[in-house]
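Chain letters run A, B, ... following the sequence lines, proteins first, then strands; residues in each count from 1.
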Amino acid sequence: MDPQNIHRCFAALRVAIPEPKTELNYDSPFQLLVAVVLSAQSTDKAVNACTRTLFAAAPTPEAMVILGEDGIKAHIHRLGLFNAKARHVHALSRQLLALHDGEVPADRKALEALPGVGRKTANVVLNTEFGQPTIAVDTHIFRVGNRTGIAPGKTPLAVEQALLAAVPAEYRQDAHHLLILHGRYTCTARRPHCGHCPIFPCCEWPDKHRWAAESSPGGA
DNA sequence: ATCCCGAGGG
DNA sequence: CCCTCTGGAT
């Protein structure tokens, strides 16, 4: 996709998605980090539901260690992969205390060295908590990047690099947020809502017209 | 490439 | 019933 068209897409997204709209505001980088670790292969709703009670019981790494793996499980057992996630959150909390004085490091290498934290999670923390212009490529962003033609790539890393190269500087800080909400609510996996898509005119997806009819405000 | 492993949507 | 959901580690 040519640069001017990409610029058009982000301008349209910014108008359509005005507010940060964080459905749940976390008190600390630690809580955000835990929430992102829990979000693997889980819906945002499910994660928000269990983090509410989890952080009420254990808001800090210290409290999380005391709560223990089984205590953590009691809060997140409705999530998929809850066994591994409880283990990761517990180990991660201990490691923060042991190596980083209980603080979440603002460094990619240190973040990725934590249990259950990979490139995607590190990018979210770096962007959300430390203001770095990273783009965390999850399934939503991967799909949107490829489907629209904004940032095609065969792997998440390829899409991330394509985005870093293609996104105009003025949108780089917000790109992650804009793309993820677009994928979550409009450019959905199974049945994209092309009928009311803000970037329909600049989208290069060959099949977009097929779904526009079905999702138009008046169509099926 | 495979495991982890539950809820909700279609 | 099958698939997807803001993945990461082995």
Side-chain angles (χ1 to χ4, degrees), chain A residues 13 17 20-26 29 31-54 69-70 72-96 104 108-129 132 134-148 150-151 153-160 163 173-195 210-211 214-215 219-220:
Chain A
L13 285 175
I17 307 172
K21 196 190 181 209
T22 41
E23 285 148 36
L24 195 55
N25 228 356
Y26 298 110
Q31 293 186 5
L32 175 86
L33 172 57
V34 171
V36 177
V37 168
L38 295 182
S39 76
Q41 295 290 278
S42 299
T43 62
D44 48 352
K45 281 182 205 169
V47 172
N48 286 342
C50 73
T51 51
R52 192 171 297 257
T53 67
L54 176 63
E69 208 175 302
D70 289 335
I72 295 170
K73 265 187 211 175
H75 289 275
I76 70 171
H77 74 98
R78 294 192 150 271
L79 295 178
L81 314 182
F82 69 91
N83 223 329
K85 287 175 182 176
R87 186 169 7 103
H88 284 145
V89 169
H90 187 246
L92 171 156
S93 301
R94 281 206 307 186
Q95 199 158 322
L96 286 179
V104 175
R108 158 165 278 123
K109 287 294 164 270
L111 284 169
E112 291 185 8
L114 296 169
V117 179
R119 184 178 185 88
K120 185 259 176 183
T121 301
N123 276 338
V124 174
V125 173
L126 256 18
N127 181 293
T128 306
E129 297 296 331
Q132 294 191 28
T134 60
I135 296 174
V137 178
D138 47 42
T139 60
H140 284 155
I141 296 186
F142 185 79
R143 178 179 67 254
V144 171
N146 277 296
R147 186 185 275 170
T148 61
I150 291 174
K154 290 180 180 171
T155 66
L157 181 58
V159 170
E160 179 186 335
L163 283 170
Q173 185 64 37
D174 295 353
H176 174 254
H177 183 250
L178 294 175
L179 291 170
I180 209 165
L181 285 188
H182 183 245
R184 169 69 179 84
Y185 295 108
T186 303
C187 196
T188 50
R190 286 298 208 116
R191 188 184 165 288
H193 304 165
C194 301
R210 186 175 149 200
W211 296 95
E214 291 188 30
S215 60

> Grab the CD1-C1' distance between A/Ile141 and C/dG7 for me, whole Å please.
14 Å
> So what does A/Ala46 hit on the nucleic acid, given a heavy-atom distance under 4.0 Å: a base, only sugar-phosphate, or nothing?
nothing
> What's A/Gly80 touching, base or sugar-phosphate or nothing? Going by heavy atoms closer than 4.0 Å.
base
> Distance check: side-chain N/O of A/Thr121 vs OP1/OP2 of C/dG8, anything under 4.0 Å?
yes
> Would you say a side-chain N or O of A/Arg190 is under 4.0 Å from OP1 or OP2 of B/dG10?
no
> Using the P atom as the reference point in each nucleotide, state the distance between C/dT6 and B/dT2 in Å, no decimals.
24 Å
> May I ask you to check whether A/Thr186 and A/His193 show a side-chain donor-acceptor distance below 3.5 Å?
no
> Please examine the side chains of A/Leu81 and A/Leu38, heavy atoms only from C-beta on, and report whether any two atoms are closer than 4.5 Å.
no
> Choose from C/dC5, B/dC5, C/dT6 the nucleotide whose nearest atom is closest to any side-chain atom of A/Arg184.
C/dT6
> Applying a 4.0 Å non-hydrogen cut-off, can you work out what A/Ile180 is touching in the nucleic acid: base, sugar-phosphate, or nothing?
base
> Would one find a side-chain N or O of A/Arg87 under 4.0 angstrom from OP1 or OP2 of C/dA9?
no
> Would you say A/Asn83 places a side-chain N or O within less than 4.0 Å of OP1 or OP2 belonging to B/dC4?
no
> How long is the line joining NZ of A/Lys45 and C1' of B/dG6, in whole Å?
16 Å
> From NZ of A/Lys85 over to P of C/dA9, roughly how many Å is that when rounded to an integer?
13 Å
> When you get a sec, tell me which of B/dC5, C/dC5, C/dG8 is the closest nucleotide to the side chain of A/Lys120?
C/dG8
> Assess the residue pair A/His176 and A/Val124 against the criterion (side-chain contact (heavy atoms from CB on, under 4.5 Å)); give the C-alpha distance rounded to whole Å, side-chain angles, the decisive distance to 0.1 Å, and a yes or no.
CA-CA 8 Å; A/His176 174 254; A/Val124 174; 4.2 Å; yes
> Please evaluate residues A/Tyr26 and A/Thr51 with respect to the criterion side-chain contact (heavy atoms from CB on, under 4.5 Å), reporting the C-alpha separation (whole Å), side-chain torsions for both, the decisive distance (0.1 Å), and the verdict.
CA-CA 9 Å; A/Tyr26 298 110; A/Thr51 51; 3.8 Å; yes
> Using a 4.0 Å heavy-atom cut-off across all strands, classify A/Val117 as base, sugar-phosphate, or nothing.
sugar-phosphate
> Looking only at atom C1', what distance separates B/dC5 and C/dC2, rounded to whole Å?
16 Å
> On DNA chain C, does the nearest nucleotide to A/His88 precede the nearest nucleotide to A/Ser42 from the 5' side, or the other way round? Give the residue.
A/Ser42
> Quick one: label A/Leu179 by what it contacts on the DNA or RNA (base, sugar-phosphate, nothing), any heavy atom closer than 4.0 Å.
nothing
> When you measure from the side chain of A/Leu81, which nucleotide among B/dC5, B/dA7, C/dC5 comes out closest?
B/dC5
> Considering just the side-chain nitrogens and oxygens of A/Thr139, establish if one lies under 4.0 Å of OP1 or OP2 belonging to C/dT4.
no
> Please determine if A/Glu160 and A/Arg119 form a salt bridge, counting it only when a charged side-chain N lies under 4.0 Å from a carboxylate O.
yes
> Rounded to the nearest Å, what distance is computed from the CG atom of residue A/Asp138 to the C1' atom of nucleotide C/dG8?
14 Å
